[in-house]
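Notes for the one structure printed next.
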Amino acid sequence: MDLTATRDRQGEVRANFNLGPMQKAPIIASDGSKIRAVTATWSLIPTWWKQDLEEKKFSTFNAKSETITTTRSFNGPIKSLRCLVPAQAYYEWKREGKVKQGAFAIGMNDQSMFAMAGIWTYWKGTYKQKDWEGYSFSILTCKPNPLTADVHHRMPVILHKDTYQDWLHAPVEQALNLASPYPSQNMDVWEVDGRVGKLSENDEGLLAPKAEEKPDDETGLLL
DNA sequence: CCAGACGTTGTT
DNA sequence: GTCTGG
DNA sequence: CCAGACGTTGTT
DNA sequence: GTCTGG
């Protein structure tokens, strides 16, 4: 990400191959003027939330870019609490109706890191009766590009490097102009092992292309 | 006005 | 905190 | 979204 | 089958 560390954070940030909602990830957050890298929980907690976190039943891990300025959970943070969510890939499940057709990883065709557009809050309260405080975030979504549309009818908003500053600092209207499908020609989709469906599975093999089923005569087994 | 919800994905 | 529904 | 639980009485 | 947790 071409970031320069301002403090020694060695050991605090490491690769995560299977992040799910309510888990923590590093983000680059702007408060409208200054930015900082922080660890944040994936699922934005509205600052006005007063009950125990366990009572929050509605989903806030994604935010539709088309309606973000008018939804009550997001219309505050979108004004000036925007962030970058770094990743090498994201996963989607493909399905035809109710029939599952496998898990896919989606990323850049050169496997480089990219940044998804997000919003964040800082919240203090309780989770399961115990004190809880920290940062949280949502990832914006938009219509898919032709490549990813084959797998899923939404995709995360991915930002071009030359738009990072505008996403973090520009007025809302200008920032939201950046919420469009990232070009197909820069991206790649590949099938991966269904293990990604279990958050307990977390190793670099999850990102590898799924091994093809071999015909019996190539397995090397004596039948 | 007050009370109650506050969301996405995908599914029907 | 702010919007929607009644 | 997927994975995993889904319950009560009474006990520690 | 449907809800909850992650």
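Since this is a predicted model, take the numbers as computed values, not measurements. In what follows, chains carry the letters A, B, and so on, assigned in the order in which the sequence lines appear, proteins first and then strands, with residues in each chain numbered from 1.
The separation between A/Lys57 atom NZ and E/dG6 atom P is 11 Å, rounded to whole Å. Rounded to a whole Å, the CD atom of A/Glu55 is 14 Å from the C1' atom of B/dA5. One can place CD of A/Gln23 at 17 Å from P of D/dC2, the figure rounded to the nearest angstrom.
Note: A/Phe114 and A/Tyr90 have perpendicular aromatic rings, judged against thresholds of 30 and 60 degrees for the angle between ring planes.
Under the stacking criterion of a centre-to-centre distance below 5.5 angstrom and an interplanar angle below 30°, A/Phe58 is not stacked against the six-membered ring of B/dG7. Stacking here means ring centres nearer than 5.5 Å and ring planes tilted less than 30 degrees, and by that measure A/Trp48 stacks onto B/dC6.
Candidate nucleotides B/dG7, D/dC2, B/dC6 were compared by shortest atom distance to the side chain of A/Thr60, and B/dG7 ranks first. Among the nucleotides B/dT9, C/dT4, E/dG6, the one closest to the side chain of A/Arg154 is B/dT9.
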Test side-chain hydrogen bond (donor to acceptor under 3.5 Å, both in side chains) applied to A/Thr121 and A/Ser136, step by step: CA-CA 6 Å; A/Thr121 63; A/Ser136 62; 3.0 Å; yes
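The partner of C/dT2 is B/dA5, by the rule that a Watson-Crick or G-U pair needs both atom distances under 3.5 Å.
Listed pair A/Lys128 / E/dG6 meets the phosphate criterion, a side-chain N or O lying under 4.0 Å from OP1 or OP2.
When the shell of 6.0 Å around NZ of A/Lys24 is examined, it contains 12 or fewer heavy atoms from other residues, nucleotides or ligands.
Contacts of A/Phe74 with the nucleic acid, taken as non-hydrogen atoms under 4.0 Å apart, involve only primed sugar atoms and P, OP1 or OP2. Here A/Ser200 lies out of heavy-atom contact (under 4.0 Å) with every strand.
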